[in-house]
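In what follows, a single structure is set out as structure tokens and then discussed.
Both backbone and side-chain heavy atoms feed into the values below; hydrogens, waters and symmetry mates do not. Please read these numbers as outputs of a predicted model, since none were measured by experiment. Chain A is the first sequence line, chain B the second, and so forth, proteins listed ahead of strands; every chain is numbered from 1.
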Protein chains: 2
Amino acid sequence: MQGTRQKSRARTATYEKGQATINAILDAAAEVLIDQGYKKLTLRQIAMQAGIKVGNLTYYYSNKEALLKDLLEKILFSYLDEMDRIVEASGDSPQVQFVAIIEYLIEDLHSQRTTHFFPELWALANHDTHTSELMDNMYAAERAALQKLVEAIKPELGKRQASQLALFVSCSIEGMTMFVGAGKNQEDNLQAMKELACTSFLQLIEQAGEESHT
Amino acid sequence: MQGTRQKSRARTATYEKGQATINAILDAAAEVLIDQGYKKLTLRQIAMQAGIKVGNLTYYYSNKEALLKDLLEKILFSYLDEMDRIVEASGDSPQVQFVAIIEYLIEDLHSQRTTHFFPELWALANHDTHTSELMDNMYAAERAALQKLVEAIKPELGKRQASQLALFVSCSIEGMTMFVGAGKNQEDNLQAMKELACTSFLQLIEQAGEESHT
DNA sequence: AACATTTTAGGACAAGTGTACAATATTGGA
DNA sequence: TCCAATATTGTACACTTGTCCTAAAATGTT
């Protein structure tokens, strides 16, 4: 009694051309999602953008659900990878690493890709369980990285406090997406938000634990 | 040569029953949007939820665009009204008023209405000019209220600094929506975020202006 | 060169979408 | 009570959506 649950099927390419087509599909889907929003993310739009026919698209992704899954995973992992790269390239000081991450996350808001993608993701996550889990994992990884740095900056902090500080930092930055992001009317203030965030977060970490046990 | 531009038409009811129907439509639309997301916000779903037929719906809203406009305006204004009410009911101290607003905004995240509505709004605003303008006006009003309180707390602050602080506060709180909101996996930490936000924001205001002119 | 496998194209389908319109029912003032 | 204005229904249309299926083309190995 195996294979009863075969809801979403994504074919794996064998020839090079097939793999190229899959890449083209995912790239095209990303572009459509970012440029036109999820409402316009239709199989025919994706196929047109990828330069293929719908029949070919459904050969690799017989479900739109499967396509969306691969698409979201690819985009989300690209952000996590970039975060890892930032930390590794920032020396050994946890303060410096922390500031580097904060600055990367905020400066990244200048990219329309980021500004357009994440609100779509958040809206999807509200009514799609799989998207919600995927998103939770991604942000959990981000918070884990932040928490590690917070603990390194202020070692006397408890796990719980450090994790809450990481959550607060993550929230504060994500919230800028709709206002100081690419094309938004407060984009002028992005630099100011970056400085405000860095000083505010570092100070919050430094002085935490003074009046701790509530 | 008048009336060339009659894109969106919304009929005004004359009888009481007509007005009741309009209210039912908007309430139904809000419920569908919040419970099932914009993807499922279809004229037939709205009509079913309102207990009327689609033909009746299109009698009052010949365009889906017009319906969406009224819906978003109604919801957004309800939040602004509630904010005004909070400030008025919090005495004269700007600090107390500021904390009251912060606490209201964060506690409101316990409501699924809020947690589900806003990401849909943000996603819509990315590709719909009218929604974007509506949203900008709403948040501008929120920031204006916050800025006024910031200036009252720290009068020696310049308009620019106060406005940037208000923006930072607004961003930080909105960003919590996807994480500590209703049903989210960090909802346990909502209280902690509230306390963290209040102390962090107040301190940020108090110490601002020390190394100001950049 | 032959050929099984993989890839692509094209057409078809049912279901769902927003919108339009004529016919019927209801309302409230004369 | 009557009746014009308003409200509601039911049906129809053109269009888009995801999905399915068959035939043709391309691929790489033998």
Select from B/Ala13 and A/Thr42 the residue whose nearest nucleotide in DNA chain D is closer to the 5' end of that strand.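 Its nearest nucleotide being more 5', the pick is B/Ala13.
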Please determine whether any donor N or O and acceptor N or O are separated by less than 3.5 Å between the side chain of A/Tyr15 and the base of C/dT7.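 Not at all, since no donor on one side and acceptor on the other fall under 3.5 Å apart.
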I'd like to know if B/Arg44 reaches the base of C/dG16 with its side chain, counting only an N/O donor and acceptor under 3.5 Å.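 It does not, because no donor-acceptor pair links the side chain of B/Arg44 to the base of C/dG16 below 3.5 Å.
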Does [X] place a side-chain N or O at less than 4.0 Å from the phosphate oxygens OP1/OP2 of [N]?
| X | N | result |
| --- | --- | --- |
| B/Thr14 | D/dA7 | yes |
| A/Asn63 | D/dT19 | yes |
| A/Lys17 | D/dT27 | yes |
| B/Tyr60 | D/dT6 | no |
| B/Lys53 | D/dT8 | no |
| B/Tyr59 | D/dT8 | no |

Kindly assign one of parallel, tilted or perpendicular to the pair A/Phe201 and B/Phe168, based on the angle between their ring planes and the thresholds 30° and 60°.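 If you compare the ring of A/Phe201 with that of B/Phe168, the planes turn out tilted.
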For [X] and [N], what is the distance between atoms [atom1] and [atom2] respectively, to the nearest whole Å?
| X | N | atom1 | atom2 | answer |
| --- | --- | --- | --- | --- |
| A/Leu67 | D/dG18 | CG | C1' | 12 Å |
| B/Ile52 | C/dA25 | CD1 | P | 19 Å |
| B/Gln19 | C/dT26 | CD | P | 21 Å |
| A/Glu65 | D/dT17 | CD | C1' | 16 Å |
| A/Leu57 | C/dG10 | CG | C1' | 15 Å |
| A/Ile25 | C/dA9 | CD1 | P | 11 Å |

Checking contacts here: which listed nucleotide (D/dT8, D/dT19, C/dA9) is nearest the side-chain heavy atoms of A/Asn56?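 Given the options D/dT8, D/dT19, C/dA9, the side chain of A/Asn56 is closest to C/dA9.
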Salt bridge check: are [X] and [Y] linked by an N-O gap of less than 4.0 Å?
| X | Y | result |
| --- | --- | --- |
| B/Lys184 | B/Glu187 | no |
| B/Asp27 | B/Lys74 | yes |
| A/Arg85 | A/Glu82 | yes |

First of B/Leu43 and A/Thr21 reached from the 5' end of DNA chain C, by closest nucleotide: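 It is A/Thr21, whose closest nucleotide lies nearer the 5' terminus.
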Are side-chain N/O atoms of B/Thr114 and B/Tyr79 paired as donor and acceptor at under 3.5 Å?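 Yes, side-chain donor-acceptor contact under 3.5 Å.
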